[in-house]
Amino acid sequence: MKRPTFTLLAAALGLAIAIPTHADEGMWMPSQLPSIAKPLREAGFQGNPAELADLTKAPLNAVVKVGGATGSFISDDGLVLTNHHVAFGVIQYNSNAQRDLIQNGFVSHERAEELPANPDFRLRVTTGFDKISDKVLAAARGKTGRAYFDAIDAISKATVAECERESGMRCSVVNMFYGRDFYLVKQLELRDLRLVYAPPRAIGNYGDEVDNFVWPRHAGDFTLLRAYVGPDGKPADYAKDNVPYHPPAHLQVARDGVKEGDFVMLAGYPGITYRHRTAAEFADQVQWRLPTTVEVMQQLEHVIEDTGRDDRQAAIRYASQLQSLKNNIKRFQGELDGLKRSDAVTVRRKDEDAMLAWLAAQPQASTLRPQIDQVGQLIAAGNATRERDLLLGMMQTQTQLLRSAIVLQRLAHERGRPDAQREAGYQLRDEELIAGTLRQVQRRYDPAVERRLLTALLTRYQKLPDTQRVPEFDAAFGRTPEALSHKLEQVYGATQLGDEAARLGWLKADPATVAKSDDALLVVAAQLQPALLRMEDERKSREGDLLRLRPGYMDALIAYRQKQGRAVYPDANATLRVSYGKVTPLKARDAVTYEPLTTTAGIVEKNTGAVPFDAPKPLLDAIAKGDYEGYAEAKTQQMPVDFLSNLDTTGGNSGSPVLNAKGELVGLNFDSNWEAVSASWMFDPRYKRAIHVDLRYMRWLMDKVYTAPQLLKEMGVPAR
């Protein structure tokens, strides 16, 4: 569909990225930074904003995607800094009841001691970010529904395949402004990551859920990894003779720290924001989606905790999954509280009504308004099965063996089609990652836990009205709790997928053999597959029309925002973004104001000797000794731990490097404050703060407590 180009709207779109904005708001694409050079300099940045747009130059070429979050190179030999919680799966993968790295931490004193990450863990370096909107939209012109989705999908896959002819590259096509613009993202993918340094749990996760999303904070949430490549310098799977990767650039660790009012800048891969969603979607988020998701996740959390109390091995195997559940529960609850506190549903509805009233007086309202109305109808249609989709989605993401069976059956199905027509995630390019995922199951699975997780989810599913029931799922698991219990006991007692060799054997088997397998879980997955494919088709048809129609909504919204003088930047979508601001205190509510830096004194004040405030004795001894020379805050002579800024962040920004005005590394992003969790939907400069590890604390720990002088020297900040 050709979109309108009337004068006022076109002018607004052209100015969209040049509107002055507050320094604390905006997750900017690197290509936008030259357009905001003036406010960047006024905020205190001392570099050249134009250079930030070049992903092949420092500092942005040192910022990498690690797992589902962010990290950065900090040495010529591939040393990577990220959060303890981002690398928690790596730590957990290398832990067992006899060697508990989660509890005790890990320090490699030489490279031969570094431990391999889980096989599906990846690091990606962005090397290209090119706009291809005309090419993509031309392929879909004149189509609707599933045909529109398939056209976008086909041209995207073809573009990706061409891009990935270059060895070691992982490419993707992403859209901005919900289908208005498309970009080709080119990334070097490194597959051999190794654990180098991790503080004990009681440092990396000091305060655990009590302090999660809370300020003041006193966590040393950092971990060091190292990226390796083959002897030929190309990406390779883990092998003992691999060599450290030499990045084109790395960040310089600052010797000096920050103070209140200092300029700071952050680069990373924020996962997703929803600030440009419709009023109806705001209402759904507050009134149903958040409270229901929290309720379901709490059930799963209790299952894992209950089992782990009496089984330490099971507790270790599910530690990473449990940590993720806890974090999401608290984040979603905070988001719900924040959106209610700001009356976001009412505010967004009034804002949208005002936009539509303004649009009514514009020349092309007759073209745009029907598109906007259709967007609302499609959203409402999707909500009709929202609870079913939530439960069945979690059934696949929160299990290990059942997920493996579903993946194996789907891969067998896709292998019967030409590679270009396979579903994304099941192409030839994906099979290596699938193999890595299947290999890591062994250290993250317990049959009793998985059965209980499925019981919790499918019992809820059995209570849904018939309009949301799926015949294939009813046939596979029964319609009563008794039938479900019997089925799960039977299936998990008979399946061989708990054996790694069996899983990998099915991965290599021909599609017909997999489809006809008599393994109990593969049989169940085969029963479910027609339903999963049918529901996927319904979703893609709806998403195709949303991709076609949402740009009309966005065109109107962008023009209206420009009229208001408000910032316009794309919602986050896991692509590289930059935000900037200052080290800033927080006035949380009436008569409650927080300073922006915490110190080691707060660790002692909080310490109870019991989880989660059980600071390790070596840390407490070092604090009592007070040897902070070269690390202490200049004015107070206290040892900083964490600091607060007004940087615009969201999930995925975990591990993002925080830079000073000179582009030097001063902090490591790891959290947001409780008052601002709802910023993924609505930004409020009064409350939005980001929480960072002060790099002086990390350096001090590595110098005086859990010592690693060789790593400090490698980072260019030798031990004192």
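Fair warning: this is a prediction, and the values are worked out from it, not measured in the lab.
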Handout entry: Lys/Arg-Asp/Glu bridge criterion (N-O < 4.0 Å) met for E675, R686
Key =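 Between R686 and E675 there is no salt bridge, as every charged N stays at least 4.0 Å from the carboxylate O atoms.
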Practice task
Run the salt-bridge test on D351 and R561 with the 4.0 Å N-O cut-off and return the result as yes or no.
Solution key: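 The answer is yes: the pair qualifies as a salt bridge.
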Problem - Axial cation check for F149 ring with R548, 6.0 Å and 45° limits - result: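 Relative to the ring axis of F149, which defines the angle, R548 lies outside at least one limit.
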Quiz: residues 128-138 side-chain donor-acceptor pairs under 3.5 angstrom, not counting sequence neighbours:
residue: S133; atom: OG; partner: D181; partner atom: OD1; Å: 3.3
residue: S133; atom: OG; partner: F182; partner atom: N; Å: 2.9
residue: K135; atom: NZ; partner: T159; partner atom: OG1; Å: 3.2

Any sub-3.5 Å donor-acceptor pair from [X]'s side-chain atoms to [Y]'s backbone N or O?
X    : Y    : value
W674 : N212 : no
R277 : F282 : no
N328 : S324 : yes

Search all heavy atoms of [X] against all heavy atoms of [Y] and return the closest pair with its distance.
X    : Y    : answer
I152 : I155 : O-CG2, 3.2 Å
W28  : V568 : CZ3-O, 3.8 Å
T575 : V185 : CG2-CG2, 4.3 Å

Handout entry: CZ-CG distance between R542 and D537, expressed to the nearest 0.5 angstrom
Key =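 It comes to 10.5 Å.
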Exercise for the section: Check whether the side chains of E281 and T278 place a donor and an acceptor atom closer than 3.5 Å, and report yes or no. Expected result: yes
Problem - From CA spacing to verdict: side chain to side chain contact (heavy atoms under 4.5 Å, CB included), R348, V345 - result: CA-CA 5 Å; R348 186 70 186 92; V345 174; over 6 Å; no
Handout entry: Residues, nucleotides or ligands: over 12 heavy atoms within 6.0 Å of K326 NZ
Key =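 More than 12 within 6.0 Å, yes.
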Handout entry: CD (E595) with more than 12 external heavy atoms under 6.0 Å
Key =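 Count not over threshold, so no.
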Exercise for the section: In sequence, state the C-alpha distance, the side-chain angles, and the governing distance for T70 and K65, and then conclude on side chain to side chain contact (heavy atoms under 4.5 Å, CB included). Expected result: CA-CA 5 Å; T70 304; K65 189 172 180 63; over 6 Å; no
Practice task
Just say parallel, tilted or perpendicular for the rings of Y274 and W681, cut-offs at 30° and 60°.
Solution key: parallel
